[in-house]
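Down below is the structure, laid out as structure tokens.
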Protein chains: 2
Amino acid sequence: MASIKEVAALAGVNRSTVSRIINGEGSFRSDTKRRVEEAMAQLDYRPSAIARSLAKSHSNMIGLMVTYYTGGFFGQMMNQVQLELDVQNKFLLTAQGHHSADGEKKAIEKFKDLRCDGFILHSRYLSDEELIALSKTKTPFVLLDRYIEEIKQQCVTFDHQKASALATSYLLERGHINIGCVTGPLGRVSSQVRLTGYKNAIAEKGIALNPDYLVEGDYELDSGYAAMAQLMSLEQKPTALFSTGEEMTRGIMKYCYEQQIRCPEDISIISYDSVNSCRGLYPQVTTLEFPISDMAHEAVLLLNAQLKAQSREQAQLSVSPRIQEGNSVINLT
Amino acid sequence: MASIKEVAALAGVNRSTVSRIINGEGSFRSDTKRRVEEAMAQLDYRPSAIARSLAKSHSNMIGLMVTYYTGGFFGQMMNQVQLELDVQNKFLLTAQGHHSADGEKKAIEKFKDLRCDGFILHSRYLSDEELIALSKTKTPFVLLDRYIEEIKQQCVTFDHQKASALATSYLLERGHINIGCVTGPLGRVSSQVRLTGYKNAIAEKGIALNPDYLVEGDYELDSGYAAMAQLMSLEQKPTALFSTGEEMTRGIMKYCYEQQIRCPEDISIISYDSVNSCRGLYPQVTTLEFPISDMAHEAVLLLNAQLKAQSREQAQLSVSPRIQEGNSVINLT
DNA sequence: GTGAAAGCGCTAACAA
DNA sequence: TTGTTAGCGCTTTCAC
């Protein structure tokens with residue numbers, strides 16, 4: 001690919017003139033401009049983003065780290081982030097955390113090697129301390145769906161506890177008392193928080209918690225299937241269910257189908273959903289939307305603000321929970 | 001971030017010595033090496049991939065272009081590609097074609113601006129001519145799921161026609177005669193090819209094609225739902241169905257559920273599936289696997305070969321179709 | 001309005 | 001085994 005040098009030579013001007021014309025800085029004789037533009041066209045010239053990065057000590061690249069690419073959830077985030085960066089003519093770099101602290105560390109290292117101007121991190125395995133330490137570094141970053149008090153101005157969060165309570169209340173308000181809850185791996189804080197929301201809503205109604213109704217899954221389809229089997233083997237079966245992950249819900253629905261358990265007649269279901277995946281279930285499951293696109297959007301705005309060293313309203317950075325009604329919940333009252 | 005200069009200064013050596021130590025080229029006094037390593041550690045030094053790219057006129061970046069990020073299909077590809085590039089310490093850059101020739105052009109432009117060493121393109125909208133023209137360029141690339149005779153050594157393909165015929169035959173062999181087919185947008189070659197496979201299989205059995213059984217969809221859930229409604233309104237309903245896309249199949253199943261059409265008792269279904277998404281349907285739908293991960297794997301190998309200017313066996317580059325049995329097909333014989 | 005020259009952080013001859 | 005020097009392709013002072 002042609003370099004600026006060749007363009008300059010062909011146009012009979014100095015490299016710096018070409019550079020100025022590319023960047024539209026200053027003014028030039030129209031004749032000069034024309035000659036340079038012709039030369040660029042003729043050589044099919046495109047400035048090297050790499051060389052430019054080096055010269056202006058910023059890369060125009062943003063790193064986006066997620067835990068895994070597959071499953072649709074990531075696609076939503078990435079799509080949103082890419083869309084906005086496209087407008088700003090920035091490059092998006094992605095990396096997977098691979099479900100481990102080490103993987104996340106490596107991903108960030110990669111971003112640093114490429115001198116990304118900023119990161120958006122969906123970090124699950126790095127400790128608060130590590131992230132706080134990272135924040136002392138000069139490269140700005142934003143945490144997606146994670147809250148750390150000390151760096152809260154870099155966090156875009158969703159109140160999972162409140163959201164889970166909302167979902168549970170939705171069932172309670174419709175007369176359900178015996179409500180099951182299928183959680184994610186309880187080793188993760190994010191799963192714990194959802195469970196807490198469920199517990200709170202139950203307690204608020206003065207209902208005693210039945211530990212049999214709590215089943216731990218791993219967010220995968222099979223675990224939902226197994227959880228449902230377990231719940232349906234109980235003597236006192238729940239009349240409703242809160243599933244904290246859409247894939248698990250698919251497993252739950254599959255079990256229902258196979259065992260001829262009717263939803264919502266025999267059991268009502270409400271489920272977390274981040275990618276509108278429950279829309280494809282039959283019956284259509286009522287969901288608690290995990291607004292990952294909105295959050296990704298906020299993350300980009302926030303990162304941009306950090307890059308420009310502006311400050312932004314804290315208020316907008318937490319997205320509110322919303323329920324999307326399907327027909328998987330029956331009203332018992 | 002510290003530069004090589006600072007490391008050199010701190011260690012009391014020349015920059016090139018540091019460079020050599022980083023790259024493990026040549027041999028050094030153990031004392032020198034130790035001092036340099038200490039300096040690097042102390043400054044938390046990481047070489048700039050950008051500066052390095054410039055110096056060694058190759059970037060270690062690979063561009064992956066897809067039509068869209070959402071939907072899971074892309075995640076599979078990306079995951080596979082990233083995994084392999086990680087091993088080789090290469091950077092992955094991604095871009096969306098946004099369902100237009102212009103979008104695809106822009107994506108490639110972006111890769112070029114960053115001086116990617118090679119591309120993997122899932123191109124749908126650029127013409128054969130444009131792609132052939134691109135192949136005259138110095139940057140090597142591989143076409144994913146697209147065949148162009150003139151540059152076939154750069155193509156990783158899947159025989160959709162054969163695959164579709166296989167799926168249709170699967171139904172025929174089980175005694176089905178009245179087989180519906182839900183296609184993608186017939187404006188796209190990729191949809192046409194699948195339809196041709198279906199037609200061929202039917203014709204081979206000496207069965208006349210019933211045009212009523214052909215319904216055009218757009219690969220989205222809703223279009224599957226609508227297609228099913230249309231097919232079920234026919235006087236002579238099909239006993240089986242070949243769906244050329246998993247999302248459409250979800251719509252089809254949803255319609256069945258709502259209308260109390262039993263699968264497979266009332267209708268048998270076989271479906272394309274690229275992301276194992278039909279596994280979550282109930283009943284579990286028999287699928288024709290679209291082996292996108294395998295293909296992505298092949299694409300990386302092929303691209304690597306091109307980068308090293310090696311040649312590879314053509315034979316491996318076409319992946320064979322495979323059927324994964326569920327319980328959505330009934331045997332009428 | 002344009003050119004000359006230095007510099008971004010690194011690598012790669014060529015010497016020593 | 002190590003240093004010197006030039007150069008990768010661009011931007012950015014500082015002159016003129």
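On a predicted model such as this, the values are computed, not experimentally measured, just so you know. Within every chain, numbering begins at 1; the chains are lettered A, B, ... in the order of the sequence lines, protein sequences first and strands thereafter.
A donor-acceptor contact under 3.5 Å links the side chain of R20(B) to the base of dG3(D).
Spacing between atom CD of E6(B) and atom P of dC8(C) amounts to 10 Å, rounded to whole angstrom units. Atom CZ of R115(B) is separated from atom C1' of dG9(D) by 8 Å (rounded to the nearest Å). Protein atom CG of L54(B) is 11 Å distant from nucleotide atom P of dT11(C), rounded to whole Å. Rounded to whole Å, atom C1' of dC10(D) lies 15 Å from atom CD1 of I21(A). When the P atom of dC10(C) is taken as reference, atom CD1 of I22(B) falls 7 Å away, rounded to whole Å. Between the CG atom of N60(A) and the P atom of dG9(D) there is a distance of 20 Å, rounded to whole Å. Whole-Å rounding puts the N23(A) CG to dT11(D) C1' distance at 8 Å. Straight-line distance from the OH atom of Y45(A) to the P atom of dG9(D): 10 Å, rounded to whole Å.
Ring to ring, F74(B) and Y68(B) are not that close: their centroids are 6.0 angstrom or more apart. Remark: aromatic rings of F73(A) and H122(A) are close, center separation under 6.0 Å.
Between dG9(C), dG3(C), dC8(C), one nucleotide has an atom nearer to the side chain of S3(B) than all others, and that is dG9(C). Comparing dG1(C), dT12(D), dG3(D) by their nearest atom to the side chain of K56(A) picks out dT12(D). If you check dA6(D), dT11(D), dC8(C) against the side chain of S19(A), the one that comes closest is dT11(D).
The 5' end of DNA chain D is approached more closely, in terms of each residue's nearest nucleotide, by D31(B) than by the other of D31(B) and A51(B). Of the two residues near DNA chain D, M1(A) and R29(B), the one whose nearest nucleotide lies more 5' is R29(B).
Using a 4.0 Å cut-off, some side-chain N or O of R52(B) falls inside it from OP1 or OP2 of dT11(C). In this structure, S48(A) does not reach the dC10(D) phosphate: none of its side-chain N or O atoms is under 4.0 Å from OP1 or OP2. Remark: N14(B) is not in phosphate contact with dT2(D), judged by side-chain N or O atoms under 4.0 Å from OP1 or OP2. Contact between the side-chain N/O atoms of T32(A) and the OP1/OP2 oxygens of dG1(C) is not found at any separation under 4.0 Å. Between T17(B) and dT2(D) there is no side-chain polar atom (N or O) within less than 4.0 angstrom of OP1 or OP2.
Between the side chains of Q80(A) and E84(A), a donor-acceptor pair is found at a separation under 3.5 Å. For Y125(B) and T67(B), the side-chain atoms include no donor-acceptor pair closer than 3.5 Å.
Contact check of residues 105-114 of chain A against DNA chain C (heavy atom, cut-off under 4.0 Å) returns no residues at all.
Side-chain atoms of T32(A) do not come within 3.5 Å of backbone N or O of F28(A) as any donor-acceptor pair. The main-chain N or O of G75(A) is never found under 3.5 Å from a side-chain atom of N79(A) such that the two would form a donor-acceptor pair.
Nucleic acid contact for V18(A): none, since no nucleic acid atom lies under 4.0 Å from a heavy atom of the residue. Nucleic acid contact class of S16(A) (heavy atoms, under 4.0 Å, all strands): base.
Rounding to the nearest 0.5 Å gives a distance of 12.5 Å between SG of C116(B) and CE of M65(B).
With D113(A) as the fixed residue, the salt bridge (Lys or Arg N to Asp or Glu O under 4.0 Å) test singles out one of R46(B), R52(B), K90(B): R46(B).
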